[in-house]
Colleague: 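This is the structure I want to talk about, given as structure tokens.
The residues of the chain are indexed from 1 along the displayed sequence.
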Amino acid sequence: MSWLSITRLPRPHDSERQSVAWTRWKERTAPPDNAAGVALLDALFGNSPYLTETALQNPDFMTDIWRHGPDAAFADQMSQLAAAHADALAGAKPEAIGATLRRLKRRVALTVAVADIADVWSLDRVTGALSDFASGCLGALMDSILLQLSRDGQLGIGNDPEAAAFTVLGMGKLGAGELNYSSDIDLILLYDRDAPALAGNEQLSRHFVRGARLLVQLMSEASAEGYIFRTDLRLRPDPGSTPLAMSVQAAELYYESVGQNWERAAMIKAHPVAGNRAVGAAFLKDMTPYIWRKHLDFAAIHDIHSIKRQIDAHRGGGTVKVLGHNVKLGRGGIREIEFFAQTQQLIFGGRNPSLRLRGTCETLRALAAAGHVTSRAAEELIEAYGYLRRVEHRLQMIDDRQTHSLPADEAGVAAVATFLGYDDPMKFQADLLDTLRCVESHYARLFEEAPSLAGPGGNLVFTGTDDDPGTLETLKALGFRDTSAAAAIVRRWHHGRYRSTATARARELLTELMPGLLKSLGETASPDQALLNFDLFLGNLPAGVQLFSLFKANPALLELLATIMGSAPGLAAHLSRRALLLDSVLSPDFYRPLPPAAEMTAELAAILARVDHEQDILDLARRWTNDRRFQVGVQQLKHIVKPAQAGHAYSDIAAASISALCDRVEQRFADTHGGFQGQRLAVLGLGKLGSREMSATSDLDLIFVYDIPDGMEVSDGAQPLSPIQYYTRLSQKIVTALTAHTNEGALYEVDMRLRPSGRAGPLANSLEGFETYHAQSAWTWEHMALTRMRVIHGPSALVGRLTEIVKATLCRTRDPATLVRDVADMRDRIAQHAPPKSAWDFKHLRGGLFDIDFVAQYLALHHAAKHPDILDPHPAEMLQRMATAGLIATEDADRLCATRTLLSDVQSLLRLTLNGDEAAFDETKAPEGQRRLIAATEGASDLGDLQMRIGREADTVRAIYERIVEAPARAAGWVPRKEGKGSER
């Protein structure tokens, strides 16, 4: 008993429960023969019903603990766990392994509790033992499940579970080795679908999901022996729509494209704990650029802070107290210490690898060593962390409940205090409050003293805190709807807490600018939104005096800024991030036409060539692209370019971005995997990219095609890949480079549905496969889509070959009856399944863009065999060429082209002013400024006049469509689906 000191044990709190437990103990076995053993059982019997019951069910084991100590007992349980794992590898069924683990869990729980209560193990030893046991349980159970799947014929791994390339990532406290006494465990289950043993298994996902479900069931379900660990898989990517187990490739794509800052924080603690740990380690290594950003990411602070605020609001953790306080989530609690460490890891860990640690205390020490926190702050937080974790453990040991909240009554708190070794419960309350306040003070300095939007100050009409009635009337007359909110925003501009308004001179200049600024904002398409956007713009400015002076000297610049803020939310968002663009707006070059696509590609390529870090490449590409798109958007707002010219410019910017990024991604990919004797990948643009008609918010319709030399079965790099693997992964990385969100914003959404076989087809196609598919298997609508094809990027020989293949495909002789039936049927399907959402949904409108383009594409496929020169990616150009060739009446072609221009121009402006889907535009709710802006685009007197004109033009287009397509289709035997409400305009 030399390991046990009676003075360290808590006294029993509930003497009645203690007495009953002793009676039951003596019915089972003899009492301890020394005072230390008696004192230990007193501590259990008088404080914890759960530990009492566990000891009474295992009296011999309990006797071994107090005789030999928890170190020996725990070592014995881990030996038995190793034996269970060996049984699993020898073929024991998962259910049998689970039963063994449940028995071991209760004994381990008793062992760890005794070591903790007796104060013979440190916090690290306690949490480490729980974590090691949890990892061992997962390893034994997971291997047993994988081998069961193999025996069932669902995995071809023989007797080697490692071959399944299935890894279990421990997240949160398990990943950090910091499990609490009654913790659940957060897991992410992944597998490498490219592992040799998994090749050709088309049901792979289903089998692994079955295994994952069984793992959660066996780990979590309770029996007479208790349970192993409650298990949670909700930290996996997009848990609402993804399977319980997913491939590392899918997970990587998710994190790189849509991963959130809170997920980055969660991944800090991720660690392989079971299964094939090498797969997990490789995945986490690949995730390093995602988790550890090179540049300071202060958005992470706001994200994590918002989560904490939600906890405060929904869990009652907003004040420091004792009764009922949540020591984990409440103010001053464990979570604040963890967030304190993790947030600074996210900010500084990208540049300092020494901060990339999983443990909370070791991270705090590393932050202190790196100079990001003081040594005193780190030590105080470490001490507080240990104290709060000890309180947390006692709360959980009482009834084995996953609780973190103290009792809400004095008597309950007194019981906890006794269990913690206090003689005076008020001393416990005082110590706890001191600890919580210490944590709160450090946390507040990190988060809660950030610049606020409120404060003293102001001037004239916007002084004080109450709304001035006359000011509200003025704001209403200027066009603002929520005048009280507008007044509050203006008042807080003068509080001086923005960097841009921190100086008296800045506030003076802003005051002078205020009447003109509010007038300009009020005249925009959406004054209230303009004010909010301008507020965001001010908040992001590093300083204000120079810019406010610039506005004072250039009133036209202020008017332009107001127009952007109120009429083009996408441009406003970019300008808020890149205020320095206003300098370029003053340059005459800003309003000149953009250079050709090839020149812009070279410009961007030169910029990207200066950096090697993946994040730098993505950020610079986004900055360049969004700056160029901003330039075009401003030119469009100022009517310097027409929408069609803007479409050319947006498309050329996209082409330059694709080409430059492709080159860098291919280069980096080849560094690892080699290549196939030079560039072999081409990128085809279709839709609006192909016809050079993109708008401010257009996505990219892309197809990837590769062509490799004969005889090359794998790439020539250090990690060779087969062609299909090589170009699928490469294409995926290019898509990620185009779609991932970074601190510099987004580039494009990418739509790959026009590739051969659509979603069911591979991401990249061989040239031979592409040609064969379009020669033998493609639908008519796919050939219609090809009429707008343009090769955006690729080696010249492949570009030429693809151009020839597409032209040969489009010039194929076709059965006229089959063709016209197919075209009419496809248009009818669209009308039924995707009816127009509003009168402004010009794409789906009867007599809208689909009808016009279907006429052009139908006639192209019908006549290209004899008239190949009519082909052009732009539908309007094809219509004009067909009119010249006498294939369509000139009057019809002119009418179709004019209406197409009208609809495209209005659509382009709507997308610029809405920053999204034009179909969502509601003219009845639109601000008057936006209504005027849209009407003025086409010279209409008002929005009603424009709608009437669009209606007349659409009726004419529909009549032409019915005459050229629908009537011949009916004559050829086509029968339309039942007319529904969706087919009406």
Colleague: Contact between P237 and M246 at the side-chain level, heavy atoms closer than 4.5 Å - yes or no?
Modeller: yes

Colleague: Okay, side chain of S715, backbone of L721: is any donor-acceptor separation there less than 3.5 Å?
Modeller: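 Answer holds: yes.
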
Colleague: So I734 and F704, side-chain contact (heavy atoms from CB on, under 4.5 Å) or not? Walk me through it.
Modeller: CA-CA 10 Å; I734 291 171; F704 294 102; 3.9 Å; yes

Colleague: When you look at R812 and H783, which way does the side-chain contact (heavy atoms from CB on, under 4.5 Å) test go after all the steps?
Modeller: CA-CA 10 Å; R812 182 186 309 159; H783 288 173; 3.4 Å; yes

Colleague: Given the rule in the salt bridge (charged side-chain N to carboxylate O under 4.0 Å, His left out) test, do R881 and D869 qualify, once you have shown the distances and angles that lead to the verdict?
Modeller: CA-CA 8 Å; R881 293 184 183 188; D869 291 341; over 6 Å; no

Colleague: F669: which residues meet the ring-ring contact (aromatic ring centres under 6.0 Å, His included) condition with it, sequence neighbours left out?
Modeller: H673, Y726

Colleague: Should L155 and L198 count as side-chain neighbours, where that means a heavy-atom distance under 4.5 Å?
Modeller: yes

Colleague: Taking the six-membered ring of Y748, is NZ or CZ of R629 closer than 6.0 Å to its centre and within 45° of its axis?
Modeller: yes

Colleague: Is any side-chain N of the basic residue among D627 and R623 closer than 4.0 Å to the acidic one's carboxylate O?
Modeller: no

Colleague: Rounded at 0.5 Å granularity, tell me how far CG in L190 sits from OG in S247.
Modeller: 8.0 Å

Colleague: A side-chain contact here means heavy atoms from C-beta on lying under 4.5 Å apart; do L887 and I870 qualify?
Modeller: yes

Colleague: Has R680 got a side-chain atom pairing as donor or acceptor with L798's backbone, closer than 3.5 angstrom?
Modeller: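 Checking the backbone N and O of L798 against the side chain of R680, no donor-acceptor pair under 3.5 Å is found.
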
Colleague: Any chance the side chains of H874 and E693 put a donor and an acceptor closer than 3.5 Å?
Modeller: yes

Colleague: May I ask you to say whether E804 pairs ionically with K807, meaning some side-chain N is under 4.0 Å from a carboxylate O?
Modeller: no

Colleague: Restricting to non-hydrogen atoms, name the atom on V641 and the atom on A646 that form the minimum distance, rounded to 0.1 Å.
Modeller: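 So the minimum-distance heavy-atom pair works out to CG2-CB, 4.1 Å.
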
Colleague: Answer yes or no: are there more than 12 heavy-atom neighbours, outside E768 itself, under 6.0 Å from its atom CD?
Modeller: no

Colleague: Would you check if the side chain of R236 reaches a backbone N or O of T242 as a donor-acceptor pair within less than 3.5 Å?
Modeller: yes

Colleague: Tell me if a side-chain donor or acceptor on D716 pairs with a main-chain N or O of G675 at a distance below 3.5 Å.
Modeller: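 Checked: pair present.
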
Colleague: Between CG of L786 and CG of L684, what distance do you get to the nearest 0.5 Å?
Modeller: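 It comes to 8.0 Å.
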
Colleague: Within the 3.5 Å criterion, strictly below it, is a donor on W624 or E603 matched to an acceptor on the partner's side chain?
Modeller: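 Per modelled atom types, W624 and E603 side chains form a pair under 3.5 Å.
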
Colleague: Donor-acceptor pair, R827 side chain versus F850 backbone, under 3.5 Å?
Modeller: no

Colleague: Would you compute the distance between atom CG of L861 and atom CE of M784 and round it to the nearest 0.5 angstrom?
Modeller: 7.0 Å

Colleague: Looking only at the side chains, is there a donor atom on one of T728 and S731 sitting less than 3.5 Å from an acceptor on the other?
Modeller: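 No pair is found: no donor N or O on one side chain lies under 3.5 Å from an acceptor on the other.
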
Colleague: Just checking F166 against F208, ring centres under 6.0 Å apart?
Modeller: yes

Colleague: Do any N or O atoms from the side chain of R356 and from the backbone of G350 form a donor-acceptor pair under 3.5 angstrom?
Modeller: yes

Colleague: Is the number of heavy atoms from other residues, nucleotides or ligands within 6.0 Å of CD (Q725) greater than 12?
Modeller: yes

Colleague: Of all heavy-atom pairs between P243 and V209, which one has the smallest distance, and what is that distance?
Modeller: CB-CG2, 3.6 Å

Colleague: Is any side-chain N of the basic residue among R277 and E162 closer than 4.0 Å to the acidic one's carboxylate O?
Modeller: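 No, no charged N to carboxylate O under 4.0 Å.
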
Colleague: Do you know which of E599, R628, R692 makes side-chain contact (heavy atoms from CB on, under 4.5 Å) with D652?
Modeller: R692

Colleague: Looking only at heavy atoms, which two atoms of L747 and L738 are closest? And how far apart?
Modeller: CB-O, 3.0 Å

Colleague: Roughly how far, to the nearest 0.5 Å, is CD1 of I607 from CZ of R664?
Modeller: 12.5 Å

Colleague: Between R801 and D707, does at least one N-O distance fall below 4.0 Å, as a salt bridge requires?
Modeller: no

Colleague: Does one side chain, of Q154 or R210, offer a donor that lies under 3.5 Å from an acceptor on the other?
Modeller: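 There is such a pair (donor and acceptor under 3.5 Å, judged by atom type) between the side chains of Q154 and R210.
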
Colleague: In sequence, state the C-alpha distance, the side-chain angles, and the governing distance for H207 and N201, and then conclude on side-chain contact (heavy atoms from CB on, under 4.5 Å).
Modeller: CA-CA 10 Å; H207 298 327; N201 192 336; 3.8 Å; yes

Colleague: Looking only at side-chain N and O atoms, does T625 offer a donor or acceptor that is under 3.5 Å from a partner on S657?
Modeller: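 Yes.
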
Colleague: Using a 3.5 Å distance criterion without hydrogens, assess whether the side chain of R755 forms a donor-acceptor pair with backbone atoms of N765.
Modeller: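 A pair under 3.5 Å: no.
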
Colleague: When rounded to the nearest 0.5 angstrom, what is the spacing between CG in D616 and CG in L608?
Modeller: 10.0 Å

Colleague: Report yes if some heavy atom in the side chain of R729 is under 4.5 Å from a heavy atom in the side chain of L763; otherwise report no.
Modeller: no

Colleague: Whether the side chain of N626 engages the backbone of A746 through a donor-acceptor N/O pair (distance < 3.5 Å, no angle test) should be reported.
Modeller: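 At least one qualifying donor-acceptor pair exists.
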
Colleague: Can you confirm whether R829 is buried at CZ, in the sense that more than 12 heavy atoms of other residues, nucleotides or ligands lie under 6.0 Å from that atom?
Modeller: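 Counting other residues, nucleotides and ligands, CZ of R829 stays at 12 neighbours or fewer.
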
Colleague: What heavy-atom pair brings A737 and V665 nearest, and what distance separates the two atoms?
Modeller: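 For A737 versus V665, the nearest heavy atoms are CB-CG2, 3.9 Å.
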
Colleague: Can you list the steps and then say if E666 with H793 is a side chain to side chain donor-acceptor pair (under 3.5 Å)?
Modeller: CA-CA 12 Å; E666 288 180 80; H793 169 79; 3.0 Å; yes

Colleague: For H741 and R622: C-alpha separation, side-chain torsions, deciding distance, then whether side chain to side chain donor-acceptor pair (under 3.5 Å) applies.
Modeller: CA-CA 9 Å; H741 288 249; R622 278 146 183 76; over 6 Å; no

Colleague: Closer than 3.5 angstrom, by distance alone: can the side chain of T601 be matched with the main-chain N or O of A660 as a donor-acceptor pair?
Modeller: no

Colleague: Do Y254 and Y290 have their ring centres less than 6.0 Å from each other?
Modeller: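 Judged by ring-centre distance (under 6.0 Å), Y254 and Y290 do not meet the cut-off.
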
Colleague: Decide side chain to side chain donor-acceptor pair (under 3.5 Å) for R206 and Q203; before the verdict, give the C-alpha distance in whole Å, the side-chain angles of both, and the deciding distance to 0.1 Å.
Modeller: CA-CA 5 Å; R206 188 161 65 91; Q203 300 296 318; 2.9 Å; yes

Colleague: Please determine if R668 and D612 form a salt bridge, counting it only when a charged side-chain N lies under 4.0 Å from a carboxylate O.
Modeller: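 Judged by the 4.0 Å cut-off on N to carboxylate O distance, R668 and D612 do not form a salt bridge.
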
Colleague: Considering all heavy atoms of both residues, which atom of F770 and which atom of P756 are nearest to each other, and what is their separation?
Modeller: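 Heavy-atom minimum between the residues: CD1-CG, 3.9 Å.
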
Colleague: Is a side-chain donor-acceptor pair under 3.5 Å present for Q636 with S908?
Modeller: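 Result is yes, a qualifying pair exists.
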
Colleague: Do D194 and Q249 get their side chains close enough for a donor-acceptor pair, meaning under 3.5 Å?
Modeller: yes

Colleague: Nearest 0.5 angstrom please: D853 CG to K843 NZ, how far?
Modeller: 10.5 Å

Colleague: Looking at every non-hydrogen atom in both residues, tell me the closest pair between E614 and P289 and how far apart they are.
Modeller: OE1-CG, 4.3 Å

Colleague: So, do P272 and V168 sit near enough that their side-chain heavy atoms are less than 4.5 Å apart?
Modeller: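 Answer no - side chains too far apart.
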
Colleague: Can you tell whether the side chains of R788 and D701 come within less than 4.0 Å, N to carboxylate O?
Modeller: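 No.
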
Colleague: Where the side chain of T780 meets the backbone of V823, is there a donor-acceptor pair that is under 3.5 Å apart?
Modeller: no

Colleague: Kindly indicate, with the supporting measurements, whether the criterion side chain to side chain donor-acceptor pair (under 3.5 Å) is fulfilled by N276 and T167.
Modeller: CA-CA 5 Å; N276 189 322; T167 192; over 6 Å; no

